[in-house]
Structures are given as C-alpha cells and as structure tokens.
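The structure appears right after this line, and notes come after that.
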Amino acid sequence: TYTTMYTKNNNQVNNVALNASYGMTTSGVDWKVGAGYLNGAVMGDETGGNTVGAWDINAQTMVNNLTVLGEFDRTTGKVDEISKVVDAWDLGAAYAFPMMGKNSSVNVDYSAIKLDSTYSQYVVGYNVEAVKNVWVGLQYSYNKGVIQTAQTGNTGPYHISYDNTHASSK
C-alpha cells in the first residue's frame with residue numbers, strides 16, 4: 001500500500017520541505033505563483049522504506065468570489081521497480097457566496113497521477129461556515145483507474161491524495 005506520511009523517528013531529520021511563493025493584487029485580481037521541494041516522501045513498501053524527492057510548481061488566482069488554482073508535481077526519481085518518475089497535477093476552482101446568512105462555497109477539482117498509466121480523480125463539494133472559522137462540508141469524489149503495486153500485484157482500490165504528491169490507499 002501507499003502512505004502519505006513518513007514519520008520514522010531515529011533522532012534525525014527525514015523530511016525536508018522548502019516552499020516559496022510570490023503574490024500580489026493587480027487590477028482587483030489576487031494572484032500567487034509558487035514552487036516547492038519535498039524530500040522524504042515514501043511511496044510504498046516496494047521502496048524498502050527509501051524516500052524519493054518531489055518538486056512542484058503552483059499558481060492561484062482569485063477574482064471577486066472565484067478562486068482557481070493549479071499545481072504540477074514530479075518525483076525526482078523512480079518510486080518502484082515498474083515506474084520511472086511520477087507526474088501529478090491538480091486543477092481546482094471554488095466559488096464563495098452567502099447562503100441563509102452563512103458563508104458558503106462550492107468547489108470542483110480534477111487531479112491525476114501518471115505512473116504506468118494515468119489515474120484521475122474528480123471531486124465536487126459544498127462547504128459552509130457553521131460558526132466563525134469552523135467550516136463543515138460534503139464532497140463527492142470519483143476515481144478513474146486502479147493503481148497496481150509492483151511487488152504484490154495488488155490492485156487497490158487506490159486514490160490520489162489531495163496534495164497529489166503521493167498516492168494513498170482508500
């Protein structure tokens with residue numbers, strides 16, 4: 001199976017993440033671009049506990065109540081015996097509006113990961129701010145494709161995690 005977090009504790013730093021972004025407001029449009037690097041992602045048991053790095057580029061823009069974001073990720077090396085580098089991407093949008101006196105939003109998202117084939121996930125959701133700074137929501141996701149592990153030949157079901165840098169078991 002795949003994990004989304006590596007927390008081996010042997011008195012050393014195993015995960016390092018660096019992120020940088022730049023943003024500003026231009027003619028009423030808020031925008032931000034960024035890039036990052038993560039060292040320490042464990043992609044699965046097939047790596048023998050070894051880690052692989054991943055980098056990403058991302059962008060976000062907000063016009064009035066509409067927010068659109070995109071991200072592309074790539075591992076810096078192979079994640080197992082059958083694949084090469086892993087590419088993943090995400091494109092999402094959210095629209096904020098008041099409903100019955102509460103802050104609300106609807107969102108749609110498409111994400112994909114490319115291993116030996118492309119596996120994708122579609123998400124739609126609704127969120128409401130129940131009390132100040134506390135949001136609750138519902139989401140529906142549809143996963144297209146099944147990721148097969150190299151060592152065991154197991155076929156999931158697996159889905160793409162929200163940050164798109166790792167796959168995780170459903």
Side-chain angles (χ1 to χ4, degrees), residues 1-7 15-44 52-76 79 85-115 117-147 156-170:
T1 63
Y2 288 82
T3 57
T4 58
M5 189 172 176
Y6 182 61
T7 58
N15 289 327
V16 175
L18 301 171
N19 294 286
S21 64
Y22 177 78
M24 63 185 302
T25 301
T26 307
S27 300
V29 176
D30 293 331
W31 60 269
K32 177 172 64 170
V33 294
Y37 176 78
L38 168 68
N39 183 30
V42 174
M43 294 302 290
V52 63
W55 60 267
D56 79 280
I57 54 174
N58 56 76
Q60 176 180 327
T61 185
M62 190 165 85
V63 179
N64 294 323
N65 294 344
L66 177 66
T67 302
V68 178
L69 60 91
E71 180 176 14
F72 176 79
D73 303 281
R74 174 172 280 177
T75 62
T76 58
V79 296
V85 298
V86 176
D87 291 336
W89 52 93
D90 180 69
L91 180 61
Y95 183 76
F97 59 94
M99 181 177 217
M100 296 190 295
K102 301 281 186 182
N103 293 325
S104 302
S105 70
V106 291
N107 61 290
V108 294
D109 192 81
Y110 168 78
S111 57
I113 187 168
K114 184 174 182 183
L115 294 164
S117 189
T118 300
Y119 308 95
S120 55
Q121 181 179 58
Y122 305 86
V123 177
V124 294
Y126 169 76
N127 301 293
V128 63
E129 187 177 30
V131 294
K132 186 173 174 111
N133 297 322
V134 177
W135 289 77
V136 295
L138 297 170
Q139 287 190 333
Y140 171 79
S141 68
Y142 170 77
N143 300 314
K144 183 177 178 184
V146 177
I147 299 171
Y158 295 100
H159 73 280
I160 301 158
S161 68
Y162 184 75
D163 68 3
N164 289 326
T165 56
H166 319 302
S168 60
S169 61
K170 186 174 183 181

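Of the inter-residue distances, the one linking F72 atom CZ with I57 atom CD1 reads 7.0 Å to the nearest 0.5 angstrom. Taking OH from Y95 and CG from L66, the interatomic distance works out to 8.0 Å, rounded to the nearest 0.5 Å. Put simply, CG on N64 and CG on D30 are 10.0 Å apart, with the number rounded to the nearest 0.5 Å. The OH atom of Y140 lies 12.0 Å from the OH atom of Y122; values are rounded to the nearest 0.5 Å.
For the side chain to side chain donor-acceptor pair (under 3.5 Å) test with Q121, the passing option among N143, D90, D109 is N143; the others fail.
Of all heavy-atom pairs between K102 and A130, the closest is NZ-O, 2.9 Å. Summarising the geometry of N19 relative to G36, their closest heavy-atom pair is OD1-CA, 3.5 Å, with the distance given to 0.1 Å. Considering all non-hydrogen atoms of both residues, K114 and T118 come closest at CG-OG1, 3.8 Å. Contact record, Y126 with S104: OH-OG, 3.1 Å, taken as the closest heavy-atom pair. Scanning all heavy atoms of the two residues, the minimum distance from N127 to G137 falls at OD1-CA, 3.4 Å.
Not a single donor-acceptor pair under 3.5 Å links the side chain of S120 to the backbone N or O of I113. Put simply, the side chain of N107 never gets that close to the backbone of A94: no donor and acceptor are under 3.5 Å apart.
Residues V52 and T76 meet the side-chain proximity criterion, which asks for heavy atoms closer than 4.5 Å. Looking at L69 and N58, their side chains never come closer than 4.5 Å, going by heavy atoms from C-beta outward.
Few gaps surround CG on L18; more than 12 heavy atoms of other groups in view lie less than 6.0 Å from it.
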Open item on the list: Walk me through whether W31 and Q60 qualify under side chain to side chain contact (heavy atoms under 4.5 Å, CB included).
Closed with: CA-CA 6 Å; W31 60 269; Q60 176 180 327; over 6 Å; no
Open item on the list: Please determine whether side chain to side chain contact (heavy atoms under 4.5 Å, CB included) holds for the pair F97 and V106, giving the CA-CA distance in whole Å, both sets of side-chain angles, and the decisive distance to 0.1 Å.
Closed with: CA-CA 8 Å; F97 59 94; V106 291; 3.9 Å; yes
